[in-house]
Each structure stands twice: as structure tokens, then as C-alpha cells.
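The structure appears below as C-alpha cells.
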Amino acid sequence: MSKSQQVQQQSAFKQLYAELFNNGGDFGKVSNNLKKPLKCYVKESYPHFLVTDGYFFVTPYFTKEAVTEFHSKFPNVNIVDLHDKVIVINNWSLELRRVNSAEVFTSYANLEARLIVHSFKPNLQERLNPTRYPVNLYRDDEFKTTIQHFRHQALQQSLAKNLKQENIPDIAKVTGGDKKAKVDAGIVRASTSK
Amino acid sequence: MSSAAKNQRSTSRVTKKKTTGPKDAAPKKAEKGSKYEYVELTKAQLTSVTAQHFYAVVIDATFPYKTNQERYICSLKIVDPSLYLKKEKGTGDNSDYATLVLYAKRFEDLPIIHRLGDIIRIHRATIRLYNGQRQFNANIFYSSSWALFSTDKKSALQEIGGQEATSDLVPFSHSGKNFTFQKNEAGIVQNIRKWAQQYFTQYSVISNDMFTALNKAQAQKGDFDVVAKILQIHELDEYTNELKLKDASGQVFYTLALKLKFPHLRTGEVVRIRSATYDETSTQKKVLLLSHYSNIVTFISTSKLAKELRGKITDDRAVEKAALKQDVSLSAVVLTEVDKKHAGLPAHSLHDLFHNADSDKELSSKDTFRTQFYVTKIEPSDVKEWVKAYDRKTKKVTSLKGSAAKGGDNIFQVSFLVKDASTQLNNNTYRVLLYTHDGLGANFFNGVKADNLHKNADARKKLEEYSELLTRFNSYVDAVVERRNGFYFIKDTRIVY
DNA sequence: GACTAAGTGATA
DNA sequence: TGGGTATGTTGC
DNA sequence: GGGGTTATGGGG
């Protein structure tokens with residue numbers, strides 16, 4: 001079987017976030033080559049802070065330390081004033097979180113890979129070249145599919161572990177002719193989940 | 001800030017005077033009680049300041065979209081018997097048209113065009129020349145209004161039961177609270193409907209200058225339009241369908257289409273996409289990006305273009321065959337085909353089949369369903385035990401393991417633990433059975449018959465491959481199932497890989 | 001009495 | 001139905 | 001108007 005992805009992914013966010021899912025959510029397994037500073041455009045700052053890589057927007061999650069450092073190094077800059085500005089995220093990591101996707105639009109299937117920002121600075125003068133209209137990474141076809149793949153793997157592993165005893169309905173049991181037999185016999189509830 | 005700060009306008013106004021000479025060609029006096037007089041698109045006076053009324057046929061449309069905090073726009077291309085063909089030499093049968101721009105304060109006040117060839121009636125539009133073209137403007141937020149009449153028997157939404165049925169002289173949708181129809185309009189509607197049907201029969205309507213071939217999509221600078229056949233609709237999740245498209249150039253593309261926005265799309269239909277862009281970030285499959293103003297529309301039944309493309313474009317499954325050679329594929333692969341006799345059978349989600357089947361009246365009255373799912377686990381896990389010896393009299397099955405010859409017939413007795421988009425987020429898996437003791441599903445494995453898998457190594461090997469294929473990520477089964485005794489049995493379904 | 005110029009004036 | 005208000009349009 | 005919203009952040 002061949003590995004695909006023959007061409008380079010142009011979106012830094014899509015590559016990074018997909019890497020996290022393809023490594024089981026373990027940031028430590030993500031290639032160090034990818035862990036470089038991120039230069040982003042601040043698309044929105046309120047009520048949601050969103051940054052783009054020229055292709056997609058994602059939510060950066062600033063650590064308390066990052067905010068503290070920012071305020072001390074740039075006392076005259078308010079974070080909500082970074083709208084339409086460029087920022088450089090020098091120190092960051094990714095982590096996987098279970099969230100409610102009905103409420104968090106930067107998530108999919110109750111999963112959110114979060115960009116944790118440990119240190120960042122503004123580039124107030126810098127203007128980035130115009131790019132395509134940035135869209136939500138969590139609405140991207142391939143990225144959604146990547147998350148589905150992650151969930152599929154997790155489900156199969158869970159089933160293999162928790163569904164050892166197989167029990168297949170007897171033919172005698174399914175050939176009655178009972179019109180009133182309920183369909184819930186076919187529901188297999190995850191034996192051990194949570 | 002004080003509430004009076006906003007420059008609200010005074011209500012009491014100073015009376016002013018103005019002159020209004022007899023305006024040019026104002027609609028003839030409404031002598032015979034006819035309030036509205038309908039003009040042909042080319043007859044509408046460009047110099048007229050007064051509003052015009054007309055009937056026209058829609059050949060393109062954006063989806064209604066928001067432009068700023070207080071405005072929505074829907075932009076259409078329209079034709080009528082006086083304006084539909086480019087006159088210049090060398091333009092072949094390229095379409096000519098006027099544009100119609102509707103403005104409103106609310107999304108709900110604008111028309112949603114799901115199908116080209118339908119009829120729109122406009123009251124009180126102004127006309128002007130914009131980029132050398134006739135442009136009608138209708139301010140729905142003021143006094144203009146619109147009404148949509150279906151050219152086919154049913155509107156696109158009526159076809160899917162998403163809209164109340166109407167007779168042929170009643171609009172399936174209109175702006176405002178009420179709709180009025182003068183007696184003399186019946187003939188107008190019938191005439192333009194007949195004209196629309198002939199026009200779509202005779203011409204492409206969407207001429208070659210109005211869309212881009214998919215094999216040229218990557219080279220496009222900005223957005224472009226598409227005319228393609230829907231080869232497959234894959235339910236990506238609760239909100240989203242993924243369309244598999246192929247056009248006359250032979251190139252396949254995928255695009256995400258929100259279910260709520262485009263509820264009328266069906267596999268096998270030819271559609272036009274108004275505004276798509278090439279997605280440079282998709283490296284595993286070709287993807288088109290849509291915007292909030294993008295639209296996906298079908299064609300009226302008489303469309304020559306749609307008919308030609310439906311016949312010409314076929315699915316060779318080349319994308320899937322390539323995908324299956326990779327360890328992980330981001331292209332969904334539907335492994336099966338169902339018998340043509342079930343083509344009209346409506347599809348139901350696993351949620352319907354397992355959580356609503358006994359409570360919903362409609363569902364409980366039926367026993368045969370079409371459904372799509374993915375297989376998370378197959379039992380028995382030992383493929384050799386998929387086939388058993390079956391004694392029809394005692395209804396007992398026995399393993400074929402061991403050398404002793406077993407009596408009875410060889411049948412498949414396999415249980416699939418499945419899931420789909422409707423059950424994606426819950427912790428359940430659902431049992432769908434491939435039991436061939438009564439003949440149901442006997443052909444599922446594409447010619448691999450139920451034989452003693454402890455002995456027939458060739459059959460066993462093929463079924464082990466199918467086991468792998470079925471439980472692989474992004475493999476899907478499109479099946480017909482029959483409910484018996486509360487269990488669902490696969491039938492008339494066959495793997496095609 | 002017919003025609004013209006000027007005055008009048010929104011509407012959901 | 002009528003008056004008051006908000007809003008679109010037009011004239012100045 | 002061949003376009004870029006948002007208490008709608010999976011119609012807009």
C-alpha cells in the first residue's frame with residue numbers, strides 16, 4: 001500500500017492539525033520539522049479571536065503566561081486591538097480536547113485540536129499579501145475526513161477490546177414471522193465506553 | 001450615548017413642492033381594472049424612471065446572501081421570448097440575458113432558486129444599463145415584489161415533499177404576505193411556461209461561455225461556474241453532504257453541500273454551480289470550495305443540456321480504485337450497488353431504522369428500506385465461520401469445521417456491526433445481518449458463493465479480503481434491508497469491488 | 001372651452 | 001379605521 | 001450588481 005500526500009500541503013494549519021490526529025492526538029509524535037514559529041493574520045479579535053494562515057482560520061488559545069508576557073513586553077497594545085494585524089506565535093503546542101461541537105464552531109465531531117500559544121508578539125507594521133478568503137478549518141472536507149479516520153480507529157480498537165464475546169442471532173430466532181418484534185434487539189450498546 | 005444620538009428622522013415633515021411632468025411611457029392607464037401591465041424584457045424602457053412589471057425565466061442565480069449589516073442580495077440572470085440569444089456573429093448559440101438584482105432586509109424576503117427554467121414575476125422593478133447590459137432592480141425592502149412559478153409540474157422542493165403542492169397558476173413561493181393574480185395573468189404564465197420548455201429543449205441555455213470545464217479548474221484565477229453530473233452523494237455528517245461531481249471533461253471533483261441549503265440534490269442529476277473556487281489545500285482529492293453566495297441548481301425536465309450530460313457522463317470508479325491502493329483513503333468508497341428495482345426506494349438513516357421504526361407510524365408500516373452505513377466489526381471474526389451448514393427443518397446451523405460432511409445447505413450467517421452519520425456521536429453500533437438461509441443477500445459477495453471455508457481456500461481468501469475491505473476506514477455500504485422479526489437483513493445488494 | 005404652466009405631494 | 005412612527009424616495 | 005454575513009459562526 002502506498003502512502004499518499006505526494007504534494008506538499010500549503011496550509012500550515014491544516015498540515016499541523018492533521019498531523020496531530022494522524023499521530024493519535026499525541027503532540028510529542030508530531031514531526032519536529034513542523035514546530036516552527038507561526039506568522040498569522042488576526043482575522044477577528046472579538047468576540048472570537050481567530051487567526052489565519054492564508055487558507056484557514058483557527059482559534060489560538062493563549063496561556064495565562066503568554067498573556068502576561070505579552071502585556072509586560074507590549075504594555076501599550078491591547079489584545080483585542082490586534083484585529084487586522086499580524087502576530088507571530090513563537091512558542092506553541094497542540095492538544096486534543098473533547099468539546100461539544102454544537103457549541104464550538106472550531107471543532108468537529110466533538111473533537112477539537114487546540115493551538116496552545118505559550119508566547120507570541122505583534123508585528124504591528126507588517127502587512128501580509130492578500131490570500132484566498134479564509135475558511136473554518138473544521139469545515140474542510142479533507143480535515144473532517146481526517147478526524148473521522150481518527151474516530152474510526154478509536155472505535156475499532158474499542159470494539160476489539162470490549163466486544164470479545166460474539167453473539168450472533170440464531171436463525172430460529174429471526175425466522176418467526178413475528179411482525180411485532182421490536183428493532184431494538186439490533187442496538188449494540190458500547191459495553192465499556194466513557 | 002443618548003438614545004437620541006442616532007440621527008433619527010423627524011416625522012413631521014415640511015411639505016415640499018415638486019414638479020412631475022408627464023413621465024415617459026408610464027404604463028398605460030389602468031383603465032380596465034388591470035393594475036399591472038407586464039412588459040417584455042427588451043421593451044422595458046431604459047429611459048423610464050417608473051417601475052416596470054414583467055414575467056421572465058430564470059437561467060442563473062446566486063443564493064440569497066448578506067452583504068452588510070442591513071442588506072441581503074439575490075442576483076439572477078433572466079430571459080424571455082424577446083431576449084435570449086446573443087445577436088453578434090461568432091457567438092453561436094450563446095445566451096443573452098438581462099440581470100435582475102433583488103435587495104431585501106431579510107434573508108426570508110428573497111427567492112431561493114433551486115432549479116433553472118422556472119418563472120419569476122416581478123412587480124415594480126426599475127431598469128438601467130449596467131456594464132452594457134439591461135439590469136432590473138427590485139427593492140423588496142420597499143415596494144417591489146416577486147413570485148416564483150414552477151415550469152415543471154412540481155417545484156424542486158415540492159418534488160421532495162419540502163413544500164406544499166400548488167396548482168400551475170399559483171406560485172410555489174412569493175415575497176410579502178399575500179399574493180395577487182389578475183385574471184389576465186393566467187395566459188401570460190401559460191405562455192411563458194410553454195416558451196421556457198421549448199427554449200430549454202432547443203438550446204443549452206447555459207452556453208459554453210457560462211461555465212468552466214473541471215479539467216481547467218485549477219488554472220482559474222478566481223471563482224468560476226460548473227456544469228456537472230452528481231455521481232454520488234455521500235452523507236459526511238449530520239449537516240453535510242459531499243457531492244462527487246464529474247463533468248464533460250471527465251474530471252472528478254468533490255464539494256461539500258449543506259443539507260439545509262441544498263435539500264433538492266439527487267444522485268444522477270446534472271447541476272450548475274454558480275461560483276466555486278479550486279481548493280489548493282486539498283491534496284488527497286480534488287475539491288471545490290463554495291461560498292455563502294454560491295448556488296447549486298438543477299434544470300427543468302425538458303433541458304437538452306441536462307439530458308445530454310446525464311447520458312454521456314458515467315462513473316468508472318477510477319478515483320475509488322486508486323483510493324483502495326492506499327493505506328488510508330480520504331475518498332469515500334461505496335462498495336456496493338443495489339438492484340435497479342429499488343431505485344425509487346427512499347433512504348433511511350440508522351437512527352430511523354433502529355430508534356424510530358417502532359414509534360413512527362410511517363416507518364413501522366414498511367419493511368423494506370434503503371440505507372447507508374459503515375461496518376465497524378464483522379461477526380464471526382473468524383471468516384471461516386461465515387458459512388455454516390443449515391438444516392431447513394430444524395433451523396439449526398452447524399460449523400463446517402472438521403472433515404465430516406455436514407448435511408443441509410451452506411449459507412452465509414454474518415452479522416455486521418454498523419454505524420452512520422445519524423449515529424456518529426452516540427455510543428451504539430447496530431446489527432445488520434447477512435443471513436442467506438432464505439436467499440436474501442445471497443449475491444452480496446459479488447459471486448463468491450457460500451462454500452465450506454475450512455476447505456475452499458480460494459473462497460476463504462476472497463472473503464478475508466472483503467472482510468478487510470468492509471471494515472476499512474471510509475468504506476461504505478449502500479444496501480437494501482428487509483425487516484423480519486425486528487432484525488434487518490441485507491438483500492438485493494452486491495459488492496462491486 | 002381646451003391647453004399649458006405651476007402647484008401639490010408617501011406609505012406600510 | 002385613524003393617528004403616530006419609521007423608513008424609502010424624491011426634490012431641492 | 002460576479003458577491004464575504006455571524007443572536008446564523010453547518011441556508012444567510
Side-chain angles (χ1 to χ4, degrees), chain A residues 43-44 46-48 50 57 59 101-109 132-141 144, chain B residues 6-22 49 51 60-77 98-110 112-114 124 126 128-131 133-144 157 162 176-177 210-211 220-225 236-242 256-264 274-277 289-296 421:
Chain A
K43 179 179 184 286
E44 297 173 34
Y46 186 85
H48 297 286
L50 301 172
F57 65 76
T59 303
S101 289
E103 296 166 357
V104 183
F105 68 91
T106 50
S107 73
Y108 181 64
R132 82 175 193 190
Y133 191 82
V135 296
N136 187 345
L137 176 60
Y138 290 87
R139 299 293 176 262
D140 176 74
D141 188 332
K144 280 186 173 186
Chain B
K6 281 282 184 182
N7 52 323
Q8 299 206 158
R9 299 161 60 191
S10 160
T11 302
S12 57
R13 321 169 100 149
V14 178
T15 302
K16 296 170 188 168
K17 50 231 122 263
K18 80 173 111 171
T19 58
T20 296
V49 178
D60 188 29
T62 66
F63 202 77
Y65 63 97
K66 197 164 191 174
T67 54
N68 60 52
Q69 293 207 336
E70 59 218 12
R71 283 294 184 263
Y72 291 85
I73 288 178
C74 182
S75 174
L76 313 182
K77 291 184 176 71
T99 60
L100 165 62
V101 186
L102 301 134
Y103 298 88
K105 280 197 287 201
R106 303 186 311 165
F107 174 75
E108 303 75 34
D109 294 334
L110 290 171
I112 291 177
I113 304 298
H114 284 316
R124 312 188 62 178
T126 58
R128 55 181 297 192
L129 221 47
Y130 181 76
N131 290 161
Q133 202 176 211
R134 298 173 93 83
Q135 181 186 75
F136 292 88
N137 285 285
N139 290 340
I140 309 303
F141 58 79
Y142 184 44
S143 57
S144 302
L157 284 186
K177 202 156 185 188
M210 295 174 72
F211 64 96
Q220 291 294 308
K221 298 188 173 193
D223 72 325
F224 50 88
D225 301 337
L236 190 65
D237 53 57
E238 180 184 357
Y239 311 97
T240 321
N241 284 324
E242 182 196 59
L256 299 188
L258 292 172
K259 294 180 189 177
L260 184 56
K261 184 174 181 180
F262 304 117
H264 59 306
R274 163 65 183 261
S275 190
T277 53
L289 293 181
L290 303 186
S291 300
H292 64 141
Y293 45 77
S294 295
N295 202 1
I296 306 179

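Residue numbers begin at 1 in each chain, while the letters A, B, ... track the order of the sequences. Only this structure's heavy atoms are used, side chains among them; waters, hydrogens and symmetry mates stay out.
- When heavy atoms are screened at a 4.0 angstrom cut-off, F141(B) is found touching the sugar-phosphate backbone but no base atom.
- Taking every side-chain heavy atom of H292(B) into account, dG12(E) is the closest of dG1(E), dG2(E), dG12(E).
- Base-pair partner of dG3(E): not found among the strands shown (Watson-Crick or G-U wobble, both distances under 3.5 Å).
- Summarising the geometry of P64(B) relative to C74(B), their closest heavy-atom pair is CA-CB, 4.3 Å, with the distance given to 0.1 Å.
- Contact annotation for L110(B): no contact, since no heavy-atom pair falls under 4.0 Å across all strands.
- In this entry the distance linking OH of Y138(A) with P of dT6(E) reads 24 Å, nearest Å.
- Contacts of R106(B) with the nucleic acid, taken as non-hydrogen atoms under 4.0 Å apart, are absent.
- Residue K43(A) contributes atom NZ, which lies 9 Å from atom C1' of dG9(E) at whole-angstrom precision.
- R71(B) forms a cation-pi arrangement with F141(B), by the criterion of a distance under 6.0 Å to the ring centre and an angle within 45° of the ring axis.
- Of the candidates dG3(E), dG12(E), dG1(E), dG1(E) carries the atom nearest the V101(B) side chain, counting heavy atoms from C-beta on.
- Nucleotide dG3(E) holds its P atom 17 Å from the CG atom of L290(B), rounded to whole Å.
- Checked options Y72(B), F63(B), F107(B), Y65(B); the residue passing with H292(B) is Y65(B) (criterion: ring-ring contact (aromatic ring centres under 6.0 Å, His included)).
- Contacts of I73(B) with the nucleic acid, taken as non-hydrogen atoms under 4.0 Å apart, involve only primed sugar atoms and P, OP1 or OP2.
- Nucleic acid contact for Y133(A): base, since at least one base atom lies under 4.0 Å from a heavy atom of the residue.
- Each of dG11(E), dG9(E), dG1(E) was ranked by its minimum atom distance to the side chain of Y239(B); first place goes to dG11(E).
- One C1' atom belongs to dT5(E), the other to dG11(E), and the distance between them is 12 Å to the nearest Å.
- Residue contacts shown for T62(B) include a base, since a base heavy atom lies under 4.0 Å away.
- With hydrogens and angles disregarded, no donor-acceptor distance shorter than 3.5 Å links the side chain of D109(B) to the backbone of I140(B).
- Heavy atoms of D109(B) sit nowhere under 4.0 angstrom from any nucleic acid atom.
- Considering only side-chain N and O atoms, K259(B) lies nowhere under 4.0 angstrom from the phosphate OP1 or OP2 of dG10(E).
- For the pair F105(A) and dG9(E), the ring geometry qualifies as stacking, because the centroid separation is below 5.5 Å while the planes lie within an angle under 30°.
- Nucleotides dA2(C) and dG11(D), compared at atom P, are 31 Å apart to the nearest Å.
- Comparing dG3(E), dG11(E), dG9(E) against the side chain of H48(A) picks out dG9(E) as the nearest.
- Between dT10(D) and dA6(C), the two P atoms lie 23 Å apart (nearest whole Å).
- A donor-acceptor distance shorter than 3.5 angstrom exists from the side chain of D225(B) to the backbone of S275(B), with no hydrogens or angles considered.
- Between the side chain of S144(B) and the backbone N or O of R124(B) there is at least one donor-acceptor pair closer than 3.5 Å.
- The shortest distance between the side-chain N/O atoms of K66(B) and the OP1/OP2 oxygens of dT6(E) is below 4.0 Å.
- Taking all atoms of both residues into account, the shortest heavy-atom contact from F105(A) to N136(A) is O-ND2, 2.7 Å.
- Not one N or O on the side chain of K259(B) forms a donor-acceptor pair closer than 3.5 Å with the backbone of N241(B).
- Both P47(A) and F224(B) lie close to DNA chain E; mapped to their nearest nucleotides by heavy-atom distance, the more 5′-ward contact belongs to F224(B).
- With dT9(D), dG1(E), dG2(E) as the candidates, the nucleotide lying closest to the side chain of Y130(B) is dG1(E).
- Of all heavy-atom pairs between F136(B) and A98(B), the closest is CE1-CB, 4.0 Å.
- Between the P atoms of dG7(C) and dT9(D), the separation comes to 27 Å (whole Å).
- Atom C1' of nucleotide dG3(E) and atom CG of N295(B) are separated by 13 Å, given to the nearest angstrom.
- Nearest-nucleotide assignment on DNA chain E puts the 5′-proximal partner with T277(B), out of D237(B) and T277(B).
- No hydrogens or angles were tested; on distance alone, a donor-acceptor pair under 3.5 Å links the side chain of R274(B) to the base of dG3(E).
- Listed pair S291(B) / dG4(E) fails the phosphate criterion, with no side-chain N or O lying under 4.0 Å from OP1 or OP2.
- Y108(A) comes within contact range of at least one nucleobase, with a heavy-atom separation under 4.0 Å.
- Regarding L258(B), its CG atom lies at a distance of 9 Å from the P atom of dG10(E), rounded to whole Å.
- Contact of Y46(A) with dT6(E) (side chain to base): no donor-acceptor pair of N or O atoms is detected under 3.5 Å.
- Counting non-hydrogen atoms under 4.0 angstrom, K105(B) reaches the backbone sugars and phosphates but no base.
- As rounded to the nearest Å, dG2(E) and dG10(E) have C1' atoms that lie 25 Å from one another.
- If you check every strand for non-hydrogen atoms under 4.0 Å, T106(A) touches nothing.
- At the heavy-atom level, I112(B) lies under 4.0 Å from base atoms of the strands shown.
- Between the CG atom of L50(A) and the C1' atom of dT6(E) there is a distance of 11 Å, rounded to whole Å.
- N137(B) places its CG atom 11 Å from the P atom of dG1(E), with the value rounded to the nearest Å.
- Between dA7(E) and dG3(E), the two P atoms lie 25 Å apart (nearest whole Å).
- At distances below 3.5 Å, not a single donor-acceptor pair connects side-chain atoms of N131(B) with backbone N or O atoms of Q133(B).
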Query - Audit row: S107(A), S101(A), side-chain hydrogen bond (donor to acceptor under 3.5 Å, both in side chains) steps and yes/no - result: CA-CA 6 Å; S107(A) 73; S101(A) 289; 2.8 Å; yes
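- Taking a centre distance below 5.5 Å and an interplanar angle below 30 degrees as the stacking criterion, Y65(B) does not stack against the six-membered base ring of dG12(E).
- When heavy atoms are screened at a 4.0 angstrom cut-off, Q133(B) is found touching no nucleic acid atom at all.
- In DNA chain D, stems built from 3 or more consecutive Watson-Crick or G-U wobble pairs, each with both distances under 3.5 Å, span C:10-12 with D:5-7.
- Nucleotides dG3(D) and dA10(C) place their P atoms 15 Å apart, quoted to the nearest Å.
- For D223(B) against dG2(E), a side-chain-to-base donor-acceptor contact under 3.5 Å is present.
- At the heavy-atom level, N131(B) lies nowhere under 4.0 Å from the strands shown.
- Not a single donor-acceptor pair under 3.5 Å links the side chain of S294(B) to the backbone N or O of A276(B).
- Because its glycosidic torsion is within 90° of 0, dG3(E) is reported here as syn.
- In this structure, I140(B) places its CD1 atom 11 Å from P of dT9(D), rounding to the nearest Å.
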